[in-house]
Amino acid sequence: MDIIRKLAEELQIHPGQAKAAVELIDGGNTIPFIARYRKEATGALNDEILRNLDARLRYLRNLEEKKEQVLASVEEQGKLTEEFKKAVLAAETLVAVEDLYRPFRPKRRTRAAIAKEHGLEPLANAILLQQLSHSLETEAAKYVNPEKEVPDAASAAAGALDIIAEYISDEAAYRSYIRNLTMKKGRLVSRAKDAETESVYEMYYDFEEPLAKLAGHRILAMNRGEKEKFLTVRVEAPEADILRYLEKKVIRKDNPYTAPALRAACEDSYRRLIAPAMEREIRGSLTEKAEDGAIQVFGKNLQQLLMQPPVSGQVVLGWDPAFRTGCKLAVVDPTGKVLDTAVIYPTAPQNKVKEAKDVLKKLISQYHITLISLGNGTASRESEQIIAGLLREIPETVQYVIVSEAGASVYSASELATEEFPEFDVGQRSAASIARRLQDPLAELVKIDPRSIGVGQYQHDMNQKKLGEALGNVVEDCVNKVGVDLNTASAPLLEHISGITKTVARNIVAYREENGRFHDRSQLLKVAKLGPKAYEQCAGFLRIAGGSQPLDATSVHPESYDAAKQLLKKLGDRPEDLQTGALKGISKKIGDEKALAAELGIGELTLQDIVKELEKPARDPREDMPKPILRSDILQMEDLKPGMVLRGTVRNVIDFGAFVDIGVHQDGLVHISQICDRFIRHPLEAVSVGDVVDVQVLDVDLKKKRIALTMKLQRSEQ
């Protein structure tokens with residue numbers, strides 16, 4: 001297989017782009033580095049395409065390796081034919097290779113294997129080739145041999161049919177046809193184990209849908225219901241069509257002595273051998289496809305969450321709500337430093353509202369707090385009522401934001417949090433994290449396992465290794481898109497930078513603590529275990545503000561410094577002008593880009609990136625994202641009425657809709673059919689986590705705490 005050609009076809013890119021990308025990956029370059037600094041080589045392939053290419057490259061190489069193993073195994077058995085070799089080399093999936101290898105795979109002691117040991121293979125071949133000239137019973141009688149455990153003609157015939165059934169089951173072409181036919185015409189059927197039992201799976205108590213149309217979230221929901229013993233789930237295949245196909249393939253002559261036996265063998269082969277294996281395989285394939293879809297949605301949601309704009313320049317009060325143990329508070333300055341902590345008890349059972357407000361007023365006055373970051377966990381509704389009341393009583397202008405505290409408890413109990421805040425308890429650490437995740441969501445959320453952040457669906461039911469890798473890639477891409485300050489970044493943030501391992505990240509922090517600030521990027525080469533290759537990969541993503549080299553504050557890579565300096569000299573500017581903003585109009589001074597790039601010894605795409613960066617140094621891509629909604633008053637779920645139009649923030653996007661926070665502590669669901677007027681296959685085509693959207697209330701179910709919303713606004717005439 002020509003892997004480069006295959007990749008180019010699948011990803012719809014030029015073979016030269018695929019070849020360059022593969023060579024760069026094989027050379028130990030990371031995806032963020034290739035996407036940002038090797039655009040000329042790859043034709044500016046973005047990180048998403050490069051990630052897909054990397055995944056497919058690994059699959060196709062595994063496929064080629066599997067083919068070699070299969071051919072070697074069959075050759076060792078002395079059964080390799082040119083026809084088999086050609087079929088294996090032409091196979092395009094691991095499933096197809098496995099189907100071809102099935103007849104040659106060492107098997108456990110099956111009924112067919114036992115029948116062969118009893119000397120019944122010649123009878124099976126005679127039946128299969130339809131060469132019997134007498135009844136099966138008469139021919140089978142010739143193979144009766146009590147010493148070989150064949151006591152009578154019926155046993156001989158049964159053994160021969162077992163051999164034929166296994167032969168039919170092992171035929172790759174038959175399995176491929178049956179698999180495709182089942183996927184095309186089969187259905188997934190779900191039934192309740194006990195229809196009287198109430199559960200969240202009630203919609204699947206009597207459910208069936210064509211396999212070809214099944215939505216991924218339904219597959220994952222039924223899998224979970226089956227695992228929790230509420231449901232029985234099975235594949236209902238088009239058995240009549242399958243048996244008709246097998247009989248047509250196996251019974252080629254109208255031989256009255258063999259046709260009934262072969263018909264029975266086809267039925268036995270399908271029901272006993274093929275169908276159970278096919279059901280496992282199809283359900284496994286459906287689950288894998290559903291998981292891949294869910295992982296992709298999780299990844300998109302996580303990307304949007306991590307790329308939410310930071311709320312900078314404000315002193316923030318982080319509030320971790322609770323009942324019995326009290327609400328934990330942490331005051332955090334604009335740089336993320338914790339200034340003070342406290343515990344208040346305004347909620348049940350203590351209900352010390354006045355005392356709590358006194359503490360809050362003192363903190364707000366003392367530290368000039370302008371923003372409260374309230375976690376959305378237990379007792380958050382009660383806490384919000386207290387905050388709203390407090391804001392009406394004080395002269396200072398303070399607003400609050402409700403933030404998702406998913407993962408905060410995981411972080412606060414982690415070894416990392418213990419190292420960061422050794423003198424704090426878990427509640428104080430959680431409050432500090434809630435404040436910081438508003439100030440800089442990316443820097444704070446990278447400290448938490450992305451699987452614990454809660455912006456996916458059924459994340460605990462899927463392949464955790466695959467999920468972890470996919471989400472890790474998302475975090476890596478986000479961190480490198482934004483870049484980090486080399487002199488302030490934490491080790492957990494640094495370890496996501498291209499080319500930097502956990503050990504090297506810790507070594508960077510240790511070097512910084514021992515030697516003080518980094519003054520230029522080249523000092524990185526003095527960090528333990530950070531060699532030239534790692535430096536090449538990471539340097540452009542690490543920024544130094546106010547250092548000895550002005551270009552270190554930009555995303556211009558050190559390998560392009562000479563070109564950048566030549567460019568500035570040619571245009572009559574200096575690197576020092578970066579700090580004054582005097583370079584904003586340099587793109588207007590550039591004439592022929594192609595000629596200038598050639599003169600500077602760089603590619604046009606690199607020149608464009610350098611110019612863009614010089615005009616707006618270290619621009620944060622998160623600036624373009626919608627800002628969080630700041631609140632100063634409260635809305636109760638009981639206040640909601642159908643027809644009300646509200647502004648909210650998208651908290652999660654799943655296959656069947658989007659959950660929107662409208663400030664009532666119960667996210668409302670916008671079903672996919674209510675997102676927009678045009679047809680969309682998935683909500684992500686129209687909305688993303690963090691989007692600020694206008695929604696209209698359709699229905700409120702106070703008992704079940706469900707809010708139905710629509711984004712198709714129907715405003716009444718005023």
Side-chain angles (χ1 to χ4, degrees), residues 70-85 87-88 98-178 239 242-281:
V70 164
L71 292 174
S73 173
V74 175
E75 186 173 27
E76 199 176 300
Q77 296 173 40
K79 298 176 182 177
L80 184 63
T81 64
E82 198 58 40
E83 185 183 3
F84 178 79
K85 183 177 180 180
V88 169
E98 289 289 354
D99 281 352
L100 290 164
Y101 184 46
R102 181 174 286 275
F104 306 97
R105 182 186 292 282
K107 291 185 176 71
R108 58 183 175 81
R109 203 158 172 265
T110 62
R111 280 164 50 173
I114 294 168
K116 287 177 183 177
E117 290 170 8
H118 293 168
L120 298 172
E121 195 165 13
L123 176 59
N125 289 336
I127 298 169
L128 195 56
L129 295 170
Q130 292 157 226
Q131 294 173 342
L132 299 191
S133 51
H134 302 90
S135 69
L136 176 58
E137 188 178 355
T138 302
E139 294 291 340
K142 300 174 185 177
Y143 292 86
V144 172
N145 186 341
E147 290 181 7
K148 289 190 174 183
E149 299 180 37
V150 186
D152 50 42
S155 299
L161 293 186
D162 283 341
I163 294 171
I164 295 169
E166 188 172 276
Y167 160 76
I168 293 169
S169 170
D170 283 346
E171 182 58 49
Y174 298 169
R175 294 183 81 89
S176 178
Y177 180 88
I178 291 168
E239 187 176 287
I242 291 168
L243 292 177
R244 200 177 302 118
Y245 163 79
L246 288 175
E247 289 168 11
K248 187 179 177 183
K249 287 291 184 183
V250 174
I251 307 171
R252 294 190 178 88
K253 297 178 185 176
D254 187 17
N255 185 326
Y257 302 121
T258 57
L262 289 174
R263 200 170 288 115
C266 287
E267 191 173 311
D268 176 53
S269 178
Y270 175 69
R271 290 180 178 166
R272 179 170 60 87
L273 301 174
I274 299 174
M278 202 59 66
E279 173 150 11
R280 284 193 303 272
E281 190 180 303

If I take atom CD from residue Glu171 and atom OG from residue Ser176, how far apart are they, to the nearest 0.5 angstrom?
10.5 Å

Roughly how far, to the nearest 0.5 Å, is CD of Glu247 from CD of Glu267?
8.0 Å

Write down the atom of Tyr143, the atom of Val150, and the distance for their closest heavy-atom approach.
O-CG1, 3.6 Å

Between Ala157 and Ala140 the two heavy atoms that sit nearest each other are N-CB, 4.0 Å

Evaluate the ring planes of Tyr174 and Tyr167, with Trp represented by its six-membered ring, and classify them as parallel (under 30°), tilted (30 to 60°) or perpendicular (over 60°).
perpendicular

Closest non-hydrogen atom pair, Ser135 against Thr138
OG-OG1, 2.8 Å

Just so I know, are the side chains of Arg272 and Asp162 near enough to count as touching, which here means a heavy-atom distance under 4.5 Å?
yes

Do the side chains of Glu149 and Glu117 get nearer than 4.5 Å, heavy atoms only?
no

Would you say Ser269 and Ile274 make side-chain contact, with heavy atoms under 4.5 Å?
yes

Rounding to 0.5 Å, atoms CG (Asp170) and CG (Leu100) come to a distance of 11.5 Å

Asp268 and Leu161: CA distance, side-chain angles, deciding distance, side-chain contact (heavy atoms from CB on, under 4.5 Å) verdict:
CA-CA 9 Å; Asp268 176 53; Leu161 293 186; over 6 Å; no

What distance separates Glu166 CD from Lys116 NZ, expressed to the nearest 0.5 Å?
5.5 Å

Given side-chain contact (heavy atoms from CB on, under 4.5 Å), test Ile168 with Val250 step by step and report yes or no.
CA-CA 8 Å; Ile168 293 169; Val250 174; 3.9 Å; yes

Whether Arg175 side chain and Ser169 backbone form a donor-acceptor pair below 3.5 Å
yes

Looking only at non-hydrogen atoms, find the nearest pair between Arg271 and Leu243 and report the distance.
NH2-CD1, 4.4 Å

Measure across Tyr101 and Pro106 and return the closest heavy-atom pair with its distance rounded to 0.1 Å.
OH-CD, 4.0 Å

Can you name the closest pair of heavy atoms from Leu120 and Gly159 and give their distance?
CD1-CA, 3.8 Å

Sequence neighbours left out, cut at 3.5 Å: what donor-acceptor pairs do the side chains of residues 126-134 make with other protein atoms?
from, atom 1, to, atom 2, distance (Å)
Gln130, OE1, Arg252, N, 3.1
Gln130, NE2, Lys253, O, 3.2
His134, ND1, Glu139, OE2, 3.2

Given side chains that start at C-beta, do those of Leu246 and Ile178 come closer than 4.5 Å, heavy atoms only?
yes

Contacts table for residues 74-85: side-chain donor-acceptor under 3.5 angstrom, sequence neighbours left out:
from, atom 1, to, atom 2, distance (Å)
Gln77, NE2, Ser73, OG, 3.3
Gln77, NE2, Phe104, O, 3.0
Thr81, OG1, Phe84, N, 3.1

